[in-house]
Amino acid sequence: MAEDSGHGGAATEDPVARESRHGHSGQHAGQHSGQHSGHGDAAAEEPVAGGSRPESGREASSAGGSGPGTPAGAAASRAGTAPDGVPGEAASGATADGEAANGSTADEGAAGAEAGQPAGRGKDGGADASLGDETSGVAETGAIGGGSELSEAQAELAAQQELRSRIEKRKAGKSGPIAAGGKLSGTAADLLAAVRAVESGATPSGTFFEASAAPRKPAPTSMAGPGRPRVPMPEPAPRQPGPGTVQAVLEVLVSGGAPEGLATRVAGVLGEQAADALREDPWRLLAVPGVQPEQADGFARALLGSECRPDDGRRAAALVGWLLERAALRGHTALESATVRTALDGYFVPDPGEALRHAVAEGAVLVFQDGVDAAGEPAEAEEAGTADGHEAQEDEEPAGLREPVPVLLGLDRYALAEESLADGLARLVRTAQPASWEDAAGAAGSPSAAELIRAAAGHGLVAHTGGETARAEPAALVAAARSLGLSAVAAVHSENGRRRTGGGAVTVQGLLSGAEGPGRDGDGALAVDLLAVLDAPQLDVETAAALVESLPDGCRLVLSGDPGVLWSAGAGRVFADVLAARVCPVVASRTPDPGPLGELVSGIGVGELVRVDAPGREVVIVPVRDAGEAVHRTVQLVADSVPRAIGVPPAETQVITVGHGGSAGTRALNAALKERFNPGPGRFGGFDPADRVAYSPAPGRTLTGSVVSADAEGLRVDCEGTAVLVPQDRVASVLRHGWAITAHQAAGMRWPAVVVVLPGDAAQGLNRPWVYTAFSRGERHLSVVHGMEQALPRAVAEIPSEVRTTRLRSLLEGLLPPGETGGSSG
């Protein structure tokens, strides 16, 4: 539910109580429309008309969103776009079940407007009535606002004469570990001094100035030598809380006025001592997914009475953790400290700085300032010399006076995952032994495949970019490695990806669990010499860390994928960070996707929605006036037009839309499609045998399938040939009807035909990666149910991917300085 982001400047007798009196319910901008247009299926077919050809498609990476404590943040909150108050969270971000947040309601623990404002009718004529015209939408792009204070330029200029000596010392110390924190100024200096004082025991944690760091393992800047990876232990199966625990929690919840239905979830999250934990700290209720701050405040007021205060340190720690968890649902692994302070201010925390200090002291958050070397300068300062090697002139601004390195706050789980991943990737780079695979490269089927084979032969880490057709290149690499007697594996994310890859590909989850692939060696590492991970943009940081930790020394890792698609539903942007860090060779495929679909998607990738000729009706646009007509035309396309004109049956056609809510979201579309293809009462938790479903076994993972049967144990589902049993108590949380899904759910999968629904009221959920992902899911045919007029080309041309704050790139750049990797972009 959306929170009122307004806040008072002065303390009142009970700001927490005042907060609860504001309206906090999520707003549904779009209503389900049951009206179906009476338009019939006409004969004419029209190729995609892109309208104007926008200029540059280069993606911007600028930041600068407004915080929840600002007027802009308050407006966004009241619109239902970012109830958690964390700036920089796009409406189309991923929720905990891996689905688009746009259109999600608060009861699913996801923020986002259910629908935007309707756009006007398209003015393009010549609508094709059987398959159609264009749609578009504009996504709210979130940007983590700045917030770090600028360095004192005068002080830095006064110290310019020391620049050369500092650079020389820094270069001399590159071979050993770097102690961060020397000669910082302002907040960063106070922060790092406090960290050291607390870690040494000389100062109590309560004296932190802004935020301090709990002791943690620092990411090393060099490796002493090769060593076996730390093999992750399999996660234990979640324990079901005992009846006594649930009953004890239930009593506490009832006494605090909380819903009784939360008891099992609270016990599962907080463990056997959940009841005692809640009595001691009622705000720990915020650790349960879906619980909002105003709900936790009301619970705390009921339990604590007059002792409930907005400046309670327990409340501060819980809010900071909650904000960072919510940010992780949008892909952030950290947030700038100023962003968190602004968000806390929006929740009536009287002293956000003190709240941060307390949260850090309690271990709820860690503090980082990556990219700062021993001299207190960003690492780029060592490039301050001129091109011919001479030092910078006195009248020139030294490179060290670039933008300051921000102070970041993060949760330990994501911090450890990113540091472990960076360490593991550096280990692979340093332990791989160059080899000559020239004969295998010469026998490759394409120049790009040959280039990839040569790069993998000489390096432990290689990045490969390309579209769907380029998947043949990592497959050729795996085949070549096997011909040389090596254990080589191609890993994908789903059965759908395995079907498109062939060659004995395995799933990432199956490889990690040991259910698929060659298994593990005597040391517990995966018994592989080369691993190629396809659809690498779908790797979240925790999965990537577990995978890399499991690889043995000397193993070669190839990350392959299309950089234009949506990033992972889970936290991080692993593939994008590896590409940006330039710490390994990057092989860009020169094999484009063919045909009108390939041409259309290639244009979107560079920011242009181009007109394509589609003589075989590979691409068709269906113009609609409103959401009700969009639902009607979608059902008509799947049931009649696509099978008749293209020859693809309804079972092989996938509908993709912007979000779950709204009058043409997944809920409305699935209701209409179920009524058409498998009407029934929903006898088993809302599902009937033969229903198409989207199954999310874990955050960020979505598999498509169909219901087979139901019994006392639960619902039995066939996920593309894999039998899955969904327990009764999990059906509501992990299953949705799957005739229509979101683009985030569809990422990494493809179908023979795809119908993309873009109603006018969903314009705020669109950006270029969304359109690129949705339009590239069709193998033979794409229909676009279009009601957005110019919002679609505007989204493609002007709205790049949402900003994610991560640390992996800076960690990799610190571990693998230029020149050490021995590779260059190809």
Checklist line | Check: Asp593 side chain, Thr469 main-chain N or O, donor-acceptor pair, under 3.5 Å | finding: yes

Next item on the list: Specify the closest pair of heavy atoms between Phe575 and Ala536, including all atoms of both residues, with the distance to one decimal.
Entry: CD1-CB, 3.7 Å

Next item on the list: For Thr773 and Pro769, indicate whether the former's side chain and the latter's backbone hold a donor-acceptor pair under 3.5 Å.
Entry: yes

Item checked: Derivation of the side chain to side chain contact (heavy atoms under 4.5 Å, CB included) call for Arg768 and Ile604 -> CA-CA 7 Å; Arg768 185 187 305 148; Ile604 293 171; 4.2 Å; yes

Notebook entry, point to check: Considering all heavy atoms of both residues, which atom of Arg777 and which atom of Gly748 are nearest to each other, and what is their separation?
Noted result: NH1-N, 3.5 Å

Notebook entry, point to check: Between Arg750 and Glu468, does at least one N-O distance fall below 4.0 Å, as a salt bridge requires?
Noted result: yes

Next item on the list: Over all heavy atoms of both residues, which pair between Thr742 and Ile656 is shortest? Give the atoms and the distance, please.
Entry: C-CG2, 4.0 Å

Margin query: Salt bridge check, Asp535 against Arg471: does any charged N sit closer than 4.0 Å to a carboxylate O?
Written below: yes

Note to self: To the closest 0.5 Å, what do you measure between CG (Leu812) and CG (Asp423)?
What the structure shows: 9.5 Å

Item checked: Arg667 side chain vs His660 backbone, donor-acceptor pair below 3.5 Å -> yes

Margin query: To the nearest 0.5 Å, what is the distance between NE2 on His332 and OG1 on Thr806?
Written below: 10.0 Å

Item checked: Test item: Gln745 and Thr704 side chains (from C-beta on) under 4.5 Å apart, heavy atoms -> no

